[in-house]
Amino acid sequence: MARVRGRGKLATTLLAVLLATTACGPVADRQPGDLRVGYDSLDGSLAVWPPRGSLAGDPAVTAAVTAAVRAWRSPADDRVHLSSSGILFSGEVDGAPLALVAADVPGESASWLLQLTPDGERYTVVRATEYTDPGYLVYSDVLPVQTAAGRRYLTSGRVERLLGPDGRALPTRDGISAAVDVPACRAVPLTATLRATESLPRGRAADRMLDLGTGTADPRYPLVRDETGSGKRALTGLDTCLLAGERGPFGSLPRRVGDRTAPQSAPESWPMAKVAVRSLGEVALGGGDPAELEQLTWESATGPMTAVVYRPAGGGAPVVSPADRSAPLQTYRLPVPGQPLVVLSWRANRDSSLSVPPGTPLLVERPGLAVVPEPERAETFSLAGTGKTQYRSVGGR
């Protein structure tokens, strides 16, 4: 079983319940070696992922889906561990067969949501999204599905009601929600109401998530936990396709497998939860109108990440930096058109002191913030503090 990253008391309790009941026996007739149909887990007496869909009991479909999943490989060339995976849904959606598989992929990956459709007498994987939290996919309660009619969501047996981006309840059938018009490149909120169970005795009225948009490309998983609603505020007015790009905050730190990068895997900087924003204040460059400078923060599977957002005066398109891992001295390359910048940020106190290379023009200088033109070659900046100095190099192409 994959490792599980804690999410507080709910996740700890739920993990104990699921581990105590996983592999308690088949939930549908299947041949030896076939994927299970549903997932063998209970939360008290509640089946968390029971078999769903009109084809869940069809052994020929189960065998065809199993064969497709057995042949599939992750971008790191890892294969699915069939005995700890399961078909969460198998039926018709939008008039065509659809299968959804929670795939356990040991090694560098954790778990994947595979979406399969028929190709003649066989099934094939048409979408594969990596669940970046290093826990197992089936510990979530809402899973994204993309169909011809738009975005849908597959919900667990714990979900009593799911509210769409407009705050209205989404009808569901066999666990699949009605289609939702989710924009391609804008984050929209979802809210699930969870019923009372053994792991959550009081239920949960508002389990909040963000869908980063249908433009999110595989294998990036588009749902981000947003327990406090801070992510919704932080991403207002931002193009999530730009954020997800290889130079954007969420996509700029590629996954590494051993000593090489794995560009087809989900980036190390991909958000998992706790997206938030804080203002760094207004900055005026070259005598122009003041613009708002903000710092984005979020939690990824590899730790806390940060970036900056430059919001021009007059409603122009925001400019974002690549991600920077959380550090005492943060450095960001900000590609402002016609004037590429480096932003330096730190938690200011009376003992901190920033040093810049000789001759570097300081466009903005205030406690905890400095903005300089991007150097043509790499330059080193330093932050002296109590007993330790932090060094960061930035610049050059």
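Only heavy atoms go into these numbers, but all of them, side chains included; no hydrogens, no water, no symmetry mates. This one's a predicted model, so the numbers in the text were calculated from it and none came from an experiment.
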K.L.:
Kindly give the heavy-atom pair with the smallest separation between L162 and V142, and that separation in Å.
P.N.:
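Minimum heavy-atom contact is CD1-CG2, 4.1 Å.
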K.L.:
Should the ring pair Y131 and Y221 be called parallel, tilted or perpendicular, given that the plane angle runs from 0 to 90° and is split at 30 and 60?
P.N.:
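Perpendicular.
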K.L.:
Applying side chain to side chain contact (heavy atoms under 4.5 Å, CB included), run through V394 and L344 and close with a yes or a no.
P.N.:
CA-CA 10 Å; V394 68; L344 302 106; 5.7 Å; no
K.L.:
Show your working on side-chain hydrogen bond (donor to acceptor under 3.5 Å, both in side chains) between T331 and R392 and close with a plain yes or no.
P.N.:
CA-CA 7 Å; T331 58; R392 297 294 303 272; 3.1 Å; yes
K.L.:
Could you report the tightest heavy-atom contact between G215 and C241, atom names first, then the distance?
P.N.:
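Smallest interatomic distance, heavy atoms only, reads CA-SG, 4.1 Å.
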K.L.:
Kindly say whether L137 contributes a backbone atom to a donor-acceptor pair with the side chain of S111 at under 3.5 angstrom?
P.N.:
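Checked: pair present.
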K.L.:
Would you name the heavy atoms of T197 and R158 that are closest together and state the gap between them?
P.N.:
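Distance-wise, the nearest heavy atoms are CG2-CG, 3.9 Å.
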K.L.:
Does a side-chain heavy-atom distance below 4.5 Å link T147 with I176?
P.N.:
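No, side chains not in contact.
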K.L.:
Check P51 against V37 and note the closest heavy-atom contact, atom names and distance.
P.N.:
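Closest heavy-atom pair between P51 and V37: CG-O, 3.5 Å.
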K.L.:
Can you run down the salt bridge (Lys or Arg N to Asp or Glu O under 4.0 Å) pairs that involve residues 241-251, sequence neighbours left out, and say none if there aren't any?
P.N.:
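Qualifying pairs: none.
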K.L.:
Are any non-hydrogen side-chain atoms of L253 and P267 less than 4.5 angstrom apart?
P.N.:
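Result no, sub-4.5 Å side-chain heavy-atom pair not found.
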K.L.:
Judged by atom type as modelled, is there a donor-acceptor pair below 3.5 Å linking the side chain of R152 to the main-chain atoms of T172?
P.N.:
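Between the backbone of T172 and the side chain of R152 there is no qualifying donor-acceptor contact (under 3.5 Å).
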K.L.:
Quick check: is V145 connected to V48 through a chain of hydrophobic side chains (ILVMFWY, heavy atoms under 4.5 Å apart)?
P.N.:
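Yes.
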K.L.:
Hey, are the side chains of V180 and P165 touching, using non-hydrogen atoms and a 4.5 Å cut-off?
P.N.:
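They are in side-chain contact.
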K.L.:
Check whether more than 12 heavy atoms from other residues, nucleotides or ligands sit under 6.0 Å from atom CZ of R347, and answer yes or no.
P.N.:
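At most 12 heavy atoms, drawn from other residues, nucleotides or ligands, come within 6.0 Å of this atom.
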K.L.:
Would you mind reporting whether T360 and E379 have side-chain heavy atoms less than 4.5 Å apart?
P.N.:
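In short, these two side chains do not touch, never coming nearer than 4.5 Å.
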K.L.:
Can you measure from OG1 (T129) to CG (L143) and round to the nearest 0.5 angstrom?
P.N.:
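The OG1 atom of T129 sits 8.5 Å away from the CG atom of L143.
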K.L.:
Determine yes or no for a side-chain-to-main-chain donor-acceptor pair under 3.5 angstrom, with Q295 supplying the side chain and T306 the backbone.
P.N.:
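A pair under 3.5 Å: no.
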K.L.:
Nearest 0.5 angstrom please: D78 CG to W112 CH2, how far?
P.N.:
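So the CG of D78 and the CH2 of W112 are separated by 9.5 Å.
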K.L.:
Does any N or O in the side chain of S269 come within less than 3.5 Å of the main-chain N or O of F250, such that one atom is a donor and the other an acceptor?
P.N.:
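Yes; at least one donor-acceptor contact below 3.5 Å.
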K.L.:
Look at the side chain of W270 and the backbone N and O of A301, then say whether any donor-acceptor pair between them is shorter than 3.5 Å.
P.N.:
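The answer is no, because no donor-acceptor pair under 3.5 Å joins these two groups.
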K.L.:
Can you tell me if T236 uses its side chain to pair, donor with acceptor, with the backbone of K232 under 3.5 Å?
P.N.:
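Looks like yes, one N/O pair under 3.5 Å.
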K.L.:
Any carboxylate oxygen within less than 4.0 angstrom of a Lys/Arg side-chain nitrogen, looking at R225 and E299?
P.N.:
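Not counted as a salt bridge, because no side-chain N and carboxylate O are separated by less than 4.0 Å.
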K.L.:
Where do D133 and Y139 land on the side-chain hydrogen bond (donor to acceptor under 3.5 Å, both in side chains) test, with the steps shown first?
P.N.:
CA-CA 10 Å; D133 185 338; Y139 300 136; over 6 Å; no
K.L.:
Heavy-atom distance under 4.5 Å between the side chains of Y391 and S393, does that happen here?
P.N.:
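Sidechains of S393 and Y391: no contact.
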K.L.:
In Å, rounded to the nearest 0.5 Å, how long is the span from CH2 of W49 to CG of L100?
P.N.:
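One gets 9.0 Å once the value is rounded to the nearest 0.5 Å.
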K.L.:
State whether the number of non-hydrogen atoms from other residues, nucleotides or ligands found under 6.0 Å of R161 atom CZ is greater than 12.
P.N.:
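Not buried by this count: 12 neighbours or fewer within 6.0 Å.
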K.L.:
What do the steps show when you test V80 against V101 for side chain to side chain contact (heavy atoms under 4.5 Å, CB included), and what is the final call?
P.N.:
CA-CA 11 Å; V80 175; V101 173; 5.9 Å; no
K.L.:
Quick check: closest heavy atoms across A169 and P171, and the distance to 0.1 Å?
P.N.:
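Smallest heavy-atom distance, with atoms named: O-CD, 3.7 Å.
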K.L.:
Should V308 and L242 be counted in the same cluster of Ile, Leu, Val, Met, Phe, Trp and Tyr side chains packed under 4.5 Å apart?
P.N.:
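Hydrophobic grouping puts V308 apart from L242.
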K.L.:
So, taking the atom named CG in L362 and the one named CG in L354, what distance separates them when rounded to the nearest 0.5 Å?
P.N.:
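So the CG of L362 and the CG of L354 are separated by 7.5 Å.
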K.L.:
Does the pair D34 and T62 meet the rule for a side-chain hydrogen bond (donor to acceptor under 3.5 Å, both in side chains), with working shown?
P.N.:
CA-CA 7 Å; D34 281 353; T62 299; 6.0 Å; no
K.L.:
Output, in order, the C-alpha distance, side-chain angles, deciding distance and verdict of side chain to side chain contact (heavy atoms under 4.5 Å, CB included) for L238 and R311.
P.N.:
CA-CA 10 Å; L238 296 182; R311 295 182 183 266; 3.7 Å; yes
K.L.:
Quick one: pull up CE in M305 and CD in Q330 and give me the separation to the nearest 0.5 Å.
P.N.:
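The CE atom of M305 sits 10.5 Å away from the CD atom of Q330.
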K.L.:
For the hydrophobic clusters of this structure (ILVMFWY residues joined by side-chain heavy atoms under 4.5 Å, transitively), does one cluster hold both L114 and L82?
P.N.:
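Shared cluster, yes.
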K.L.:
Starting from the C-alpha separation in whole Å, work towards a yes-or-no answer on side-chain hydrogen bond (donor to acceptor under 3.5 Å, both in side chains) for S300 and E268.
P.N.:
CA-CA 7 Å; S300 77; E268 291 191 3; over 6 Å; no
K.L.:
When clusters are formed by joining ILVMFWY residues with side-chain heavy atoms under 4.5 Å apart, either directly or through shared neighbours, do L223 and L235 land in the same one?
P.N.:
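Hydrophobic grouping puts L223 apart from L235.
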K.L.:
Is the backbone N or O of R70 less than 3.5 Å from a side-chain atom of R73, with the two atoms forming a donor-acceptor pair by type?
P.N.:
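Flag set: sc R73 to bb R70 pair under 3.5 Å.
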K.L.:
Is the CZ atom of R173 crowded by more than 12 outside heavy atoms at less than 6.0 Å?
P.N.:
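Atom CZ in R173 is not crowded, with 12 or fewer foreign heavy atoms closer than 6.0 Å.
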K.L.:
Surrounding CD of E365 (heavy atoms of other residues, nucleotides or ligands, distance under 6.0 Å), is the total greater than 12?
P.N.:
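Counting neighbours around CD of E365, 12 or fewer heavy atoms of other residues, nucleotides or ligands fall under 6.0 Å, so no.
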K.L.:
Examine distances only and state if a side-chain atom of N349 and a backbone atom of D351 form a donor-acceptor pair shorter than 3.5 Å.
P.N.:
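Indeed, once roles are kept as given, a pair shorter than 3.5 Å links the two residues.
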K.L.:
Supply the atom-to-atom distance S345 OG to L383 CG, rounded to the nearest 0.5 angstrom.
P.N.:
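Separation between the atoms: 10.0 Å.
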K.L.:
Under the side chain to side chain contact (heavy atoms under 4.5 Å, CB included) test against D218, which residue among E130, Q115, R127 passes?
P.N.:
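Among E130, Q115, R127, the one meeting side chain to side chain contact (heavy atoms under 4.5 Å, CB included) with D218 is R127.
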K.L.:
Minimum heavy-atom separation for Y332 and P322, please, with both atom names.
P.N.:
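Smallest interatomic distance, heavy atoms only, reads CD2-O, 4.3 Å.
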K.L.:
Does atom CG of D94 have more than 12 heavy-atom neighbours from other groups under 6.0 Å away?
P.N.:
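More than 12 within 6.0 Å, yes.
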K.L.:
Indicate yes or no for a side-chain donor-acceptor contact from Y136 to the backbone of S84 under 3.5 Å, with no hydrogens or angles considered.
P.N.:
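Checked: pair present.
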K.L.:
Got a donor-acceptor contact below 3.5 angstrom from the T216 side chain to the R220 backbone?
P.N.:
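Judged by distance alone, no pair lies under 3.5 Å.
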K.L.:
With side chains defined as the heavy atoms from C-beta onward, is the minimum distance between T117 and D119 less than 4.5 Å?
P.N.:
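No, too far: nothing below the 4.5 Å cut-off.
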K.L.:
Would a hydrophobic clustering, with Ile, Leu, Val, Met, Phe, Trp and Tyr connected at side-chain separations under 4.5 Å, put V125 with V105?
P.N.:
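Yes, same cluster.
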K.L.:
Do V275 and D226 come close enough that some side-chain heavy atom pair is under 4.5 Å?
P.N.:
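Counting from C-beta outward, V275 and D226 never come under 4.5 Å.
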K.L.:
For V159 and Y153: C-alpha separation, side-chain torsions, deciding distance, then whether side chain to side chain contact (heavy atoms under 4.5 Å, CB included) applies.
P.N.:
CA-CA 11 Å; V159 175; Y153 303 97; over 6 Å; no
K.L.:
Do L212 and P271 have side chains that get closer than 4.5 Å, going by heavy atoms?
P.N.:
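Side chain of L212 against side chain of P271, heavy atoms only: contact under 4.5 Å found.
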